[in-house]
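One structure is given here, and the rest of the page talks about it.
Positions are given from 1, in the same order as the sequence printed here.
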Amino acid sequence: PSAGDKVRVTVDGQTVFEQDANDFTGANLQTVDAIDISAFAGTNVDMEIRLVSDNVGNAQIQVDNIIITVEDNILIAV
């Protein structure tokens, strides 16, 4: 990723997570804190995870092992 690139997670077009993409570079597993998506509980939604960039380039993102769970009656994406 280039300077200014972001990893963004949206649910039905609403940004629920955004972080500097350079925080996720390298071959090692990267994790983030739980993302509270309880506002969308009980509905069908589209979740998008993508690399957002203002620069033209060949940056890529690979996402594996997404977990959707309920803890204390709160829907959480991990």
Side-chain angles (χ1 to χ4, degrees):
S2 300
D5 290 353
K6 304 281 185 192
V7 172
R8 182 179 296 157
V9 178
T10 60
V11 176
D12 281 350
Q14 180 179 338
T15 299
V16 295
F17 175 84
E18 186 172 276
Q19 189 167 333
D20 189 311
N22 288 305
D23 293 345
F24 299 98
T25 58
N28 296 325
L29 177 65
Q30 304 291 320
T31 60
V32 298
D33 292 334
I35 302 169
D36 182 1
I37 56 173
S38 59
F40 305 97
T43 62
N44 294 324
V45 297
D46 291 315
M47 179 181 279
E48 182 179 80
I49 302 168
R50 64 185 177 131
L51 181 63
V52 180
S53 178
D54 292 331
N55 302 313
V56 176
N58 294 322
Q60 297 179 359
I61 186 171
Q62 177 179 334
V63 179
D64 296 315
N65 302 322
I66 297 173
I67 300 169
I68 307 291
T69 187
V70 175
E71 295 179 13
D72 298 324
N73 294 321
I74 297 174
L75 184 65
I76 298 175
V78 179

Partners meeting side-chain contact (heavy atoms from CB on, under 4.5 Å) with Gln19 (sequence neighbours left out):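 Residues passing side-chain contact (heavy atoms from CB on, under 4.5 Å) with Gln19: Phe17, Asp23, Phe24, Val32.
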Residues in side-chain contact (heavy atoms from CB on, under 4.5 Å) contact with Arg50, at least two apart in sequence or another chain: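 side-chain contact (heavy atoms from CB on, under 4.5 Å) check on Arg50 returns Arg8, Glu48, Val52.
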Euclidean distance, Asp20 CG relative to Lys6 NZ, rounded to 0.5 Å: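 Nearest 0.5 Å value for the NZ-CG distance: 5.0 Å.
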Closest contact, heavy atoms only, Met47 versus Val11: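 Heavy atoms only, the tightest pair is CE-CG2, 4.0 Å.
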Qualifying residues under side-chain hydrogen bond (donor to acceptor under 3.5 Å, both in side chains), relative to Asp12, sequence neighbours excluded: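 Counting only residues at least two positions away or on another chain, Asp12 forms no side-chain hydrogen bond (donor to acceptor under 3.5 Å, both in side chains).
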